[in-house]
Amino acid sequence: MIRNQIADLVAQSIKDAQSAGALPAFDLPAIEISRPKDTAKGDFTSTVAMQSAKPARMAPLAIAQAIAAHLPAADFIDAIEVAPPGFVNFRLSAAWLAGQVAEIEAAAGHYGDIDLGGGKSCQVEFISANPTGPLHMGSARNAMLGDALASVLAAAGWHIQREYYVNDAGTQMRTFAETLYRRYLQAFGQDAPLESHHYQGAYMTELAQEVKAEQSDRFLEMSAEDAISALSEIGLAKVLAWIRASAERLRIHFDHWYSERSLYASGGVFEHVITDLRARGLTEAKDGAEWLRTSAFGSDRDEVLVRSSGQPGYYASDVAYHYDKFVLRGFDRVIDVWAVDHQNQARRMPHLMKALGLEPTRLDIVLYDLVRLYRDGQEVKLSKRSGDIITVDEVVDEVGVDAVRFLLLTRSNQAVMDFDLNLAVQQNDENPVYYVQYAHARMASILRTATERGFSQTCVEQGNFDLLRHPGELALLRKIAELPEVIEKAALQLAPHGLAFYAMDLAGVFHAFYRDCRVISSIPTEAELSCARLRLVAGTKAVFARVLGLMGVNAPESM
RNA sequence: GCGCCUGUAGCUCAAUUGGAUAGAGUGUUGGCCUCCGGAGCCAAAGGUUUCGGGUUCGACUCCCGACAGGCGCACCA
């Protein structure tokens with residue numbers, strides 16, 4: 001990455017300045033190169049002179065000047081400027097910027113890829129909503145975040161697997177089956193009222209009707225217990241089919257669906273891990289339950305593995321599941337995307353990792369805040385149990401996949417998000433996703449028009465980008481060249497929202513270029529320039545498609 | 001009561017994890033289509049970054065204390 005090359009130059013410059021006696025010997029701080037907010041100041045800036053003032057016992061401005069004076073020449077640097085109180089600013093050369101067009105072409109759809117992961121394996125587990133009802137809008141944020149993170153990390157050099165954890169064990173599943181049983185009885189006119197803890201949503205009634213249509217009255221003959229057990233399986237399969245369909249509709253494809261219940265199969269993962277933990281003396285019997293001694297690993301409390309009832313506790317699933325991920329399946333790294341109401345659980349995960357003898361930093365829990373839905377100015381409370389839900393499918397029907405994906409990615413993870421349904425529906429030309437897609441469609445249109453007017457494919461492919469020296473062209477090239485940094489930041493912070501903002505920026509810069517730089521010219525003497533600009537447009541279009549692709553948003557050829 | 005998160009333009013949100021004059025979209029006001037898509041562009045207005053201290057060359061960012069909102073504090077999931 002170009003930023004690292006500049007950092008190397010600065011380091012070399014300081015060494016040279018020291019040998020030349022222009023700078024004293026001192027402990028070098030980590031050299032960080034960043035982008036100034038104000039692009040007029042340069043493409044990159046270093047604050048190393050200010051940071052070195054104390055250890056070098058020298059005025060920061062003087063240090064900055066020494067660095068600038070001793071900086072080795074490099075073809076990608078055009079100018080070095082020093083600004084008080086000690087900034088060293090760098091301006092990229094036009095030749096290097098124009099050369100990025102060739103980089104994009106050579107990268108063939110992978111421009112912006114970086115190598116943070118080094119090909120190591122990383123699992124991203126997301127959504128993982130209880131299979132007791134259709135996906136609602138809270139899950140949609142999880143879905144967007146997880147899917148975009150997976151894409152970004154893949155671009156950053158990780159080998160990615162996407163996984164959905166199916167919570168098909170435990171009391172939620174039991175409650176779901178009981179509800180379905182009662183709705184089924186009701187479908188035959190029997191009196192079987194729901195209780196307050198049951199799932200009140202209308203979809204349960206529909207589910208029961210489906211079962212009745214397909215299976216007739218066969219469950220009426222069985223004992224309640226047998227019927228509930230059978231309905232549990234049938235209902236689970238149906239709900240999972242819904243979830244799978246909704247996910248596919250959102251353009252999310254999971255590589256693997258993992259059953260929580262499978263952890264507890266005879267000879268399964270849970271037996272394996274608890275045997276291991278017992279052997280290592282990490283469990284303890286207390287109050288009739290069996291506890292994992294996480295207090296020995298930094299926690300202020302122990303956790304229940306086996307309840308006094310003999311049933312495994314919830315923490316047991318976390319332990320077994322993550323044992324499976326790291327030890328049995330051997331992922332180098334795992335990312336779990338959880339809603340913020342699991343924050344305490346998240347805090348306990350490092351202790352779990354240590355108890356399993358694993359390095360805690362191999363696991364990241366990405367927390368995101370809730371989505372607050374508004375309709376007609378009123379907050380719509382979401383609760384599967386009360387039945388007051390707004391499903392992902394409903395919103396997608398109204399707003400479209402692209403808008404849902406884009407809007408949900410324009411917020412940083414840990415901030416409550418207000419999603420106004422009325423606004424989202426109305427936002428046809430006001431929605432930022434259309435702004436971004438419009439830019440892409442416009443580029444496609446320019447390329448089409450060029451073909452119609454006789455500009456050859458060769459002209460576009462071999463345009464002389466040394467002709468690109470107009471400020472509008474250079475601004476566009478600068479923005480394009482930022483993509484690797486955008487991907488790096490998103491990957492390091494596990495926060496993909498920067499992609500959306502970058503896409504909007506790029507669209508803005510492109511529109512300015514379009515305004516100031518005539519691409520398809522009918523003036524014969526400008527034919528060569530047209531070819532160069534067409535090549536730039538083609539490259540920009542590819543970068544656009546790349547960013548939108550990482551977000552899972554369509555890049556349309558026309559709208 | 002304790003813990004975590006959030007508080008930035010009228011509204012929805014950014015801000016390179018301590019850098020230079022805090023930025024976009026939307027809304028408001030005014031302007032721009034006689035060769036490439038006006039779903040676009042340009043300009044104006046809009047701020048004591050909730051409040052009060054502190055740390056240092058420098059704070060939206062870090063520390064302490066208030067205030068407001070969200071979430072969480074089980075052998076639940």
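Naming convention: chains lettered A, B, ... in sequence-line order (proteins, then strands); numbering from 1 in each chain. All values reported here derive from a predicted model rather than from experimental measurement.
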*Length of the CG-P vector between A/Asn344 and B/C71, whole Å*: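 Between P of B/C71 and CG of A/Asn344: 14 Å.
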_Length of the line joining A/Leu499:CG and B/C13:P, which is rounded to integer Å_ =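 That distance rounds to 19 Å.
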Counting only side-chain heavy atoms from C-beta out, which of [options] sits nearest to [X]?
{"X": "A/Trp291", "options": "B/C75, B/C35, B/A20", "value": "B/C75"}
{"X": "A/Ala83", "options": "B/G37, B/G70, B/A20", "value": "B/A20"}
{"X": "A/Gln172", "options": "B/C57, B/C36, B/A77", "value": "B/A77"}
{"X": "A/Pro85", "options": "B/G19, B/C36, B/G40", "value": "B/G19"}
{"X": "A/Met50", "options": "B/G37, B/G19, B/A20", "value": "B/G19"}
{"X": "A/Met559", "options": "B/A77, B/C36, B/A39", "value": "B/A39"}
{"X": "A/Tyr435", "options": "B/G40, B/C5, B/C75", "value": "B/G40"}
{"X": "A/Phe501", "options": "B/A14, B/A39, B/C35", "value": "B/A14"}
{"X": "A/Asp341", "options": "B/C71, B/C36, B/A20", "value": "B/C71"}
{"X": "A/Tyr514", "options": "B/C36, B/C75, B/A77", "value": "B/C36"}

*Can you tell me how far CD1 of A/Ile274 sits from CG of A/Leu282, rounded to the nearest 0.5 angstrom?*
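Separation between the atoms: 11.0 Å.
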*asked:* Quick check for you: to the nearest 0.5 Å, what is the distance between A/Arg535 atom CZ and A/Leu467 atom CG?
replied: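 Rounded to the nearest 0.5 Å, the CZ-CG separation comes to 11.0 Å.
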*So what does A/Ser308 hit on the nucleic acid, given a heavy-atom distance under 4.0 Å: a base, only sugar-phosphate, or nothing?*
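The residue A/Ser308 makes base contact.
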*A/Arg518 near the nucleic acid: base, sugar-phosphate alone, or nothing, with a heavy-atom cut-off under 4.0 Å?*
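Base, at least one base heavy atom under 4.0 Å.
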Does any N or O donor sit under 3.5 Å from an N or O acceptor when you compare the side chain of [X] with the base of [N]?
{"X": "A/Asp318", "N": "B/A77", "value": "no"}
{"X": "A/Ser445", "N": "B/C36", "value": "no"}
{"X": "A/Gln343", "N": "B/C71", "value": "yes"}
{"X": "A/Glu32", "N": "B/U16", "value": "no"}
{"X": "A/Ser412", "N": "B/A14", "value": "no"}

[N] to [M] separation - [atom1] atoms, rounded to the nearest Å:
{"N": "B/C5", "M": "B/A77", "atom1": "P", "result": "27 Å"}
{"N": "B/G40", "M": "B/C4", "atom1": "C1'", "result": "44 Å"}
{"N": "B/A15", "M": "B/U49", "atom1": "C1'", "result": "11 Å"}
{"N": "B/U16", "M": "B/G30", "atom1": "C1'", "result": "35 Å"}

_For the aromatic rings, using the six-membered ring if either is Trp, is the centroid distance between A/Tyr321 and A/Tyr165 under 6.0 Å?_
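They qualify: ring centres under 6.0 Å apart.
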*Under 6.0 Å between ring centres, would you say that holds for A/Tyr435 and A/His511?*
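Ring-ring flag for A/Tyr435/A/His511: true, centres closer than 6.0 Å.
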Is [X] near enough to [N] that one of its side-chain N or O atoms lies under 4.0 angstrom from OP1 or OP2?
{"X": "A/Thr410", "N": "B/A14", "answer": "no"}
{"X": "A/Lys37", "N": "B/A20", "answer": "yes"}
{"X": "A/Tyr434", "N": "B/G25", "answer": "no"}
{"X": "A/Arg515", "N": "B/C42", "answer": "yes"}
{"X": "A/His497", "N": "B/A15", "answer": "yes"}
{"X": "A/Arg307", "N": "B/A77", "answer": "yes"}
{"X": "A/Ser34", "N": "B/U16", "answer": "no"}

*asked:* When you compare the side chains of A/Ser317 and A/Tyr264, does any donor N or O come within less than 3.5 Å of an acceptor on the partner?
replied: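 Yes - a donor-acceptor pair under 3.5 Å links their side chains.
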*Short side-chain donor-acceptor distance under 3.5 Å, A/Asp336 and A/His322*: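 There is such a pair between these side chains.
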*Residue met sooner reading RNA chain B from 5', once A/Lys489 and A/Phe513 are mapped to nucleotides*: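 Per heavy-atom nearest nucleotide, the more 5' residue is A/Lys489.
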*If you pin A/Arg35 and A/Thr171 to their nearest nucleotides in RNA chain B, which one's is more 5'?*
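Here A/Arg35 is the residue nearer the 5' end.
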*Measure the distance between the ring centre of A/Phe87 and the centre of the six-membered base ring of B/A20, then answer whether it is under 5.5 Å with planes under 30°.*
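It does: the two rings, one from A/Phe87 and one from B/A20, meet the stacking criterion.
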*For A/Tyr368, which residues count as a side chain to side chain donor-acceptor pair (under 3.5 Å) partner, sequence neighbours excluded?*
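Once residues adjacent in sequence are excluded, the partners of A/Tyr368 under the side chain to side chain donor-acceptor pair (under 3.5 Å) criterion are A/Asn142.
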*Taking only residues two or more places apart in sequence, or in another chain, which ones meet A/Lys489 in a side chain to side chain donor-acceptor pair (under 3.5 Å)?*
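None.
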*What's the shortest heavy-atom distance between A/Arg301 and A/Thr294, and which atoms?*
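Looks like O-OG1, 2.8 Å.
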*asked:* Defining pairs by Watson-Crick or G-U wobble geometry with both distances under 3.5 Å, how would you list the stems of RNA chain B with at least three pairs each?
replied: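 Output for stems: B:1-7 with B:67-73, B:10-13 with B:23-26, B:28-32 with B:40-44, B:50-54 with B:62-66.
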*Quick one: classify the glycosidic conformation of B/C57 as syn or anti, with syn meaning within 90° of 0.*
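Anti, angle beyond 90° from zero.
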*Assigned glycosidic conformation for B/U16 [threshold 90° from 0]*: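 Because its glycosidic torsion lies more than 90° from 0, B/U16 adopts the anti conformation.
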_Any side-chain to backbone donor/acceptor pair from A/Ser456 onto A/Cys459? Under 3.5 Å, distance only._
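At least one qualifying donor-acceptor pair exists.
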